[in-house]
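Remarks on the structure that follows.
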Amino acid sequence: MPANPSNHLFQPLVKGEQTEIISVRVPKSWMPQINSVIAASGKPKAEYLRDLVENTFFGTSSSSTSPAQNLQSVEQPTQDLSSNNLVEPSLADKIMEKYPTPIALAYRRFHNAQLNVYEQMRRLVDLYEYTTFFVFNLVLADLFQRLDPIYIKDKGVRNAFKDFSMERRIKFMEEVIKVASTGHGTSLFIPELVDSAVTNYANNLKELRNELAHKGTASESVQRRILDKKKPIIDELLCELKFLIDYRLVRIPGLHYEGGQLIYQMMVYQGEVPFLDTKPIGGDLQLERSCLADRNHLVILNNQGKVLDLHPLYQLVSNEKTQDEEHMCFLKQCKDQEKRVYVESIQTSAVFALDGLDALKELAEVKLLAQPPNS
């Protein structure tokens with residue numbers, strides 16, 4: 001394979017009587033940082049890379065594994081380079097690999113629309129709304145499941161979960177987070193929200209859909225200017241949510257004993273593609289009985305094994321509307337006159353009605369006070 005100086009790091013390396021061809025292809029975007037690290041070492045590039053290879057694959061290790069055996073794939077040396085802090089994963093990579101699936105999937109669609117600025121703008125709006133809805137539903141679920149009842153004077157804000165208004169949802173988040181930050185009631189399940197600027201960034205983008213919907217179709221250059229202006233704000237919003245990596249959106253369908261140890265199985269909705277995982281329960285990780293949710297419910301799992309049940313704000317739905325495929329859906333709107341809730345599929349963005357409004361209203365009546373306490 002011919003070497004390409006722009007993104008090819010290692011040349012043939014001779015060690016004694018053996019020659020191993022060590023070839024690592026990396027994205028060109030990595031090269032400025034790699035070259036900066038090499039320059040900081042004070043060594044010529046060839047000498048630095050030779051030392052790195054010798055220390056990594058030859059060194060003083062007693063292992064009999066040959067360098068060729070270590071190089072099982074091109075990706076392995078690349079991972080080794082990353083672990084040596086040569087390259088920090090990009091924000092886009094972190095989002096698509098580690099953020100909850102509703103956000104990761106929306107980001108992937110935006111990322112894949114780079115060749116069409118009109119589609120990019122639509123995907124940017126979706127990304128903002130999916131992200132804001134996710135945080136709003138986390139806060140609402142926390143209130144419904146754990147926090148003390150709260151009084152919010154503005155009826156529209158108090159019932160923000162019922163309509164499409166993003167502004168009311170953001171104000172609702174601000175009200176609940178403000179109360180939690182004063183120590184009233186139980187602390188938030190995700191306490192990082194208290195010191196974050198999530199609602200500030202969300203406020204800066206709340207009119208994005210309306211701005212696009214209520215104007216004539218803008219030219220490509222105008223769309224590009226809007227995109228260049230709004231995308232950094234969404235990047236800041238997503239960066240502000242980096243603590244979500246420490247929480248997992250999961251469904252826990254079963255528990256069983258194995259080798260005298262209690263094991264729980266869970267479907268993990270992290271990154272673009274859900275995956276099955278198993279974990280032992282014991283030591284510092286305990287699933288408290290009072291925290292367990294229905295096996296079909298989506299929950300947020302923290303590092304201490306505690307869960308926050310997101311039902312009915314996030315649901316797994318399989319019916320004729322989804323062609324009997326399982327879709328993750330989130331609450332979009334409630335209609336009292338129909339006694340139904342409207343949910344949106346994160347897979348297709350299709351909106352359809354479900355039963356369950358009465359149960360949702362019961363939760364709201366208990367936790368969202370219509371009058372100030374002790375009035």
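What you see below is based on every heavy atom in this structure, not just the backbone, and it leaves out hydrogens, waters and symmetry mates.
Partners of His297 under the ring pair (Phe, Tyr, Trp, His ring centres under 6.0 Å) rule, at least two apart in sequence or in another chain, are His311.
Residues Thr322 and His327 bring no donor and acceptor atom of their side chains to less than 3.5 Å of each other. Judged purely by distance below 3.5 Å, without hydrogens or angles, the side chains of Asn203 and Glu167 never pair a donor atom with an acceptor atom.
Pairing each heavy atom of Val250 with each of Leu301, the nearest pair is CG2-CB, 4.1 Å. In this structure, Val341 and Gly356 approach most closely via the heavy-atom pair CG1-C, 4.4 Å. Taking every heavy atom of both residues into account, Leu369 and Arg158 meet most closely at O-CD, 3.3 Å. The nearest pair of heavy atoms linking Leu276 to Met266 is CD1-O, 3.4 Å. Listed here is the closest heavy atom pair of Thr131 and Ile103: OG1-CG2, 3.8 Å. In terms of heavy-atom proximity, Leu188 sits nearest to Val194 at CD1-CG2, 3.7 Å.
Judged by distance alone, with hydrogens and angles left aside, the side-chain atoms of Arg248 form no donor-acceptor pair with the main-chain N or O of Pro100 at under 3.5 Å. Formation of a donor-acceptor pair under 3.5 Å by the Thr348 side chain with backbone atoms of Ser345 is not found in this model. When atom types are taken as modelled, the side chain of Thr132 and the backbone of Ala202 share no donor-acceptor pair closer than 3.5 angstrom. Formation of a donor-acceptor pair under 3.5 Å by the Arg146 side chain with backbone atoms of Ser187 is found in this model. Judged by distance alone, the side chain of Thr101 and the main-chain N or O of Gly271 form a donor-acceptor pair under 3.5 Å. The backbone N or O of Ala197 lies less than 3.5 Å from a partner atom in the side chain of Glu240, making a donor-acceptor pair. Formation of a donor-acceptor pair under 3.5 Å by the Arg168 side chain with backbone atoms of Ala160 is not found in this model.
Asn319 CG to Leu354 CG: the interatomic distance, rounded to the nearest 0.5 Å, is 6.5 Å. Between Leu140 atom CG and Gln145 atom CD the span is 9.5 Å, to the nearest 0.5 Å. Here Asp93 contributes atom CG and Tyr99 contributes atom OH; the two are 12.0 Å apart, rounded to the nearest 0.5 Å. Rounded to the nearest 0.5 Å, atoms CD1 (Ile95) and CZ (Arg108) are 11.5 Å apart. A distance of 11.5 Å separates CG in Asp294 from CD1 in Ile252, rounded to the nearest 0.5 Å. Atom CG in Leu105 sits 8.5 Å away from atom OG in Ser349 (nearest 0.5 Å).
Counting heavy atoms from C-beta on, the side chains of Asp235 and Leu91 come closer than 4.5 Å. Leu127 has its side chain within reach of Leu238: a pair of non-hydrogen atoms, C-beta onward, lies under 4.5 Å apart. Pro102 places a side-chain heavy atom less than 4.5 Å from the side chain of Leu249. Between Leu310 and Leu308 there is a side-chain heavy-atom pair separated by less than 4.5 Å. Contact of the Arg340 side chain with the Leu357 side chain is not registered, since no non-hydrogen atoms from C-beta on lie closer than 4.5 Å. Lys206 places a side-chain heavy atom less than 4.5 Å from the side chain of Ile170. Contact annotation: the side chain of Leu227 never approaches that of Tyr118 to less than 4.5 Å [non-hydrogen atoms, C-beta and beyond]. Looking at heavy atoms from C-beta onward, Ile234 lies in side-chain contact with Leu124 at the 4.5 angstrom threshold.
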### Message
What verdict does the salt bridge (charged side-chain N to carboxylate O under 4.0 Å, His left out) test give for Asp154 and Lys171, after you've listed the backbone C-alpha separation in whole Å, the side-chain angles of each residue and the deciding distance to 0.1 Å?
### Response
CA-CA 10 Å; Asp154 188 314; Lys171 287 182 178 178; 5.7 Å; no
### Task
Walk me through it: do Val135 and Met173 pass the test side chain to side chain contact (heavy atoms under 4.5 Å, CB included)?
CA-CA 8 Å; Val135 179; Met173 288 190 283; 3.7 Å; yes
### Task
Could you walk me through whether Leu143 and Leu363 pass side chain to side chain contact (heavy atoms under 4.5 Å, CB included), step by step?
CA-CA 9 Å; Leu143 178 63; Leu363 285 171; over 6 Å; no
### Message
Between Phe144 and Leu360, does the side chain to side chain contact (heavy atoms under 4.5 Å, CB included) criterion hold? Intermediate values first, please.
### Response
CA-CA 9 Å; Phe144 283 170; Leu360 191 60; 3.8 Å; yes
### Task
Quick one: do Met328 and Leu298 satisfy side chain to side chain contact (heavy atoms under 4.5 Å, CB included)? Show the steps, please.
CA-CA 9 Å; Met328 183 188 295; Leu298 289 164; 3.8 Å; yes
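Note on residues 119-140: pairs passing ring pair (Phe, Tyr, Trp, His ring centres under 6.0 Å), not counting sequence neighbours, are Tyr130-Phe330, Phe133-Phe330, Phe134-Tyr314, Phe136-Phe172. Annotation: salt bridge (Lys or Arg N to Asp or Glu O under 4.0 Å) contacts involving residues 190-202, sequence neighbours excluded, are absent.
We find that Arg109 and Asp126 are not joined by a salt bridge, their nearest charged nitrogen and carboxylate oxygen being 4.0 Å or further apart. The pair Glu119-Arg123 meets the salt-bridge criterion, since a charged nitrogen lies less than 4.0 angstrom from a carboxylate oxygen. A salt bridge does not link Asp358 with Lys339: none of the charged nitrogens is closer than 4.0 Å to a carboxylate oxygen. Salt-bridge formation is detected for the pair Asp336/Lys162: a Lys NZ or Arg NE/NH1/NH2 atom is positioned less than 4.0 Å from an Asp or Glu carboxylate oxygen.
Within a 6.0 Å radius of CD in Gln323, no more than 12 heavy atoms belonging to other residues, nucleotides or ligands are found. Atom NZ of Lys321 sits in a sparse spot, with 12 or fewer heavy atoms from other residues, nucleotides or ligands closer than 6.0 Å. Heavy atoms of other residues, nucleotides or ligands lying less than 6.0 angstrom from NZ of Lys367 number more than 12. No more than 12 heavy atoms of other residues, nucleotides or ligands shown are found within 6.0 angstrom of CD on Glu220.
With hydrophobic clusters built from ILVMFWY side chains whose heavy atoms lie under 4.5 angstrom apart, Phe275 shares a cluster with Val299. Hydrophobic clustering keeps Phe161 apart from Tyr342 (ILVMFWY residues linked when any side-chain heavy atoms are closer than 4.5 Å, directly or through intermediates). Connection of Val366 to Leu331 is not established within any shared hydrophobic cluster, with ILVMFWY side chains joined at heavy-atom distances below 4.5 Å, either directly or through further cluster members. By the rule that hydrophobic residues join a cluster once side-chain heavy atoms approach within less than 4.5 Å of another member, Tyr151 and Val157 end up as members of separate clusters.
Tyr247 and Phe243 have perpendicular rings, their planes meeting at more than 60° on a 0 to 90° scale where under 30° would count as parallel.
Seen from the ring of Phe189, Lys306 does not count as a face-on cation partner, given the 6.0 Å and 45° thresholds.
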